[in-house]
Visitor: 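So that we are looking at the same thing, I have put the structure below in structure tokens.
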Protein chains: 2
Amino acid sequence: MVTKKDGRYAIKEAARLSGLPESTLRYYETIGLIDAIGRDPSSGHRVYSDDDINLVISVACLNTTGMSIEDMRKYLENWDKGAAGAGEQIGLLETQKHRLADEEHYLKLRRRYVDMKIAYWHAVVAGKKKEAEAIAKRAREIAKGLKLPKEGRK
Amino acid sequence: MVTKKDGRYAIKEAARLSGLPESTLRYYETIGLIDAIGRDPSSGHRVYSDDDINLVISVACLNTTGMSIEDMRKYLENWDKGAAGAGEQIGLLETQKHRLADEEHYLKLRRRYVDMKIAYWHAVVAGKKKEAEAIAKRAREIAKGLKLPKEGRK
DNA sequence: CGCTTGACTTAAAGTACTTTAAGTCTCTAA
DNA sequence: TTAGAGACTTAAAGTACTTTAAGTCAAGCG
């Protein structure tokens, strides 16, 4: 890579840019999924370079696809060895894009379901038994499309 | 409840009807989130009644909303109390609703960010350096509002 | 009748984080 | 200049499952 902007980012920035919690960034480092990040000599705080940020974003993309840590490890190893180019990057991003779209869909359904449950309890409090039952029925209808929320990781 | 259909379902059926894996059904039972399920005397296998199935489906719904186990436990306790526990019930659900709304918001941003990244790599492949840089800048702009992706369960 | 197959059982270990507790460093305001 | 706030550090414990290993039971087949 020719990128040499040499940015200096705190872990907070790395978390914001990648979408991964700080705790996860530290965790991935301790298990060796990502290499040790450079430190500020006086404070001991991690200092992320532009290259580090790009790597972390890539890892975040893999993570959001539901890939297991061991698979991510292999993928990153092959990446270094094979020097996979932009094509693989794009494929990775396309996959993730679809996954995010799906997630958004289920999230909407979940929210509608929760709204329904709230309406149900309000009806119960108001003593409107019939209405409550009708709402419960509608809730069950929504729940049908509410399959698995988080895909199991291997 | 007046439901007395007295169906007899194996754990496999319960899993299929609720969408929860068998392992999770067993787990929820061992931690006491759901009461002990009756057993077939000779085989020792769990036998789910219609009421059990209804409960399990409700738990599965709560689970899909991302509610923590402790919150589910409270919710189910209030359930038994009926209208008396409705207030707490609604509070729990309102919290959940806001959590889902936030998640949806960040999901949208993340998708826009991924789209930008895809456009970036296409520009790189096409050798359009200037355009790529412009896109990268826009991506960074989006990333600013891109805080935490999946909120931790308590 | 013995043997395999399949569905189930439990206990324990593994996974992927997340949270908490306790401590360090730097900066600001009194 | 010292006291506190804020951002970070690590190690350890906690969470919510999932997987695995080892075993039980009931049916079907040669």
Side-chain angles (χ1 to χ4, degrees), chain A residues 8-34 36-48 52 56 59-76 99 147-154, chain B residues 8-34 36-48 52 56 59-76 96 99 103 147-154:
Chain A
R8 294 171 60 80
Y9 306 86
I11 194 167
K12 196 175 204 169
E13 300 302 304
R16 199 176 53 76
L17 292 167
S18 68
L20 292 173
E22 298 174 28
S23 61
T24 302
L25 290 175
R26 286 190 274 257
Y27 171 65
Y28 280 177
E29 208 181 319
T30 64
I31 63 167
L33 180 63
I34 57 179
I37 300 297
R39 302 302 182 107
D40 180 291
S42 63
S43 70
H45 293 184
R46 287 168 181 82
V47 178
Y48 292 77
D52 290 336
V56 157
V59 170
C61 289
L62 297 180
N63 168 284
T64 56
T65 67
M67 196 180 280
S68 76
I69 284 181
E70 281 323 298
D71 282 356
M72 283 196 269
R73 209 189 287 275
K74 277 174 209 154
Y75 191 96
L76 293 173
R99 221 191 79 91
K147 277 173 281 185
L148 42 154
K150 40 196 136 169
E151 313 214 342
R153 293 148 184 263
K154 256 181 307 177
Chain B
R8 294 172 60 80
Y9 307 85
I11 193 167
K12 197 175 202 167
E13 299 303 302
R16 201 179 49 76
L17 291 167
S18 67
L20 292 173
E22 298 175 27
S23 61
T24 303
L25 290 175
R26 291 190 197 101
Y27 170 67
Y28 281 177
E29 208 181 320
T30 63
I31 63 167
L33 180 63
I34 57 180
I37 301 297
R39 302 302 181 106
D40 179 290
S42 63
S43 69
H45 293 185
R46 287 168 179 82
V47 179
Y48 291 77
D52 289 336
V56 158
V59 170
C61 288
L62 296 180
N63 170 284
T64 59
T65 68
M67 195 180 280
S68 76
I69 285 180
E70 283 323 299
D71 280 357
M72 283 196 270
R73 212 189 285 276
K74 277 178 210 152
Y75 185 96
L76 294 173
Q96 204 55 39
R99 216 188 73 92
E103 233 172 279
K147 275 175 278 188
L148 43 154
K150 37 189 138 175
E151 312 214 337
R153 294 149 182 260
K154 254 183 311 178

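A note on names: the letters A, B, ... follow the listed sequences, proteins ahead of strands, and every chain is numbered from 1. On a predicted model such as this, the values are computed, not experimentally measured, just so you know.
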Visitor: How close or far is atom C1' of dC8(C) from atom CD1 of Ile37(B), stated in whole angstroms?
Guide: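 Interatomic distance, CD1 of Ile37(B) to C1' of dC8(C): 15 Å.
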
Visitor: Find the distance Arg26(A):CZ to dT19(C):P and express it as a whole number of Å.
Guide: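 Rounding to the nearest Å, CZ of Arg26(A) and P of dT19(C) are 12 Å apart.
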
Visitor: Remember a base hit wins even if backbone is also touched, and classify Arg46(B) as base, sugar-phosphate or nothing at under 4.0 Å, heavy atoms.
Guide: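 Counting heavy atoms under 4.0 Å across all strands, the contact made by Arg46(B) is with sugar-phosphate only.
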
Visitor: I want to check one thing: is the phosphate of dA16(D), taken as OP1 and OP2, less than 4.0 Å away from some side-chain N or O of Asn63(B)?
Guide: no

Visitor: What is the distance, to the nearest angstrom, from the NE2 atom on His45(B) to the P atom on dA7(C)?
Guide: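 So the two atoms are 11 Å apart, to the nearest Å.
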
Visitor: Could you tell me the separation between the CG atom of Asp40(B) and the C1' atom of dA27(D), rounded to a whole number of Å?
Guide: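 Nearest whole value for this atom pair: 14 Å.
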
Visitor: Round to a whole Å and report the spacing from CE of Met67(B) to P of dC17(D).
Guide: 13 Å

Visitor: For Ser42(B), which contact category applies under a 4.0 Å heavy-atom criterion: base, sugar-phosphate, or nothing?
Guide: sugar-phosphate

Visitor: Contact class for Ile11(B) (heavy atom, under 4.0 Å): base, sugar-phosphate, or nothing?
Guide: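 If one applies the 4.0 Å heavy-atom cut-off, Ile11(B) turns out to touch the sugar-phosphate alone, with no base involved.
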
Visitor: Rounded to whole Å, please give me the gap between CZ in Arg39(B) and P in dT10(C).
Guide: 5 Å

Visitor: Let me know the distance between OH of Tyr28(B) and C1' of dT10(C), rounded to the nearest Å.
Guide: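 In whole Å, dT10(C) C1' and Tyr28(B) OH are 20 Å from each other.
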
Visitor: To the nearest Å, give me how far apart CE (Met72(B)) and P (dT15(D)) are.
Guide: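 That distance rounds to 13 Å.
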
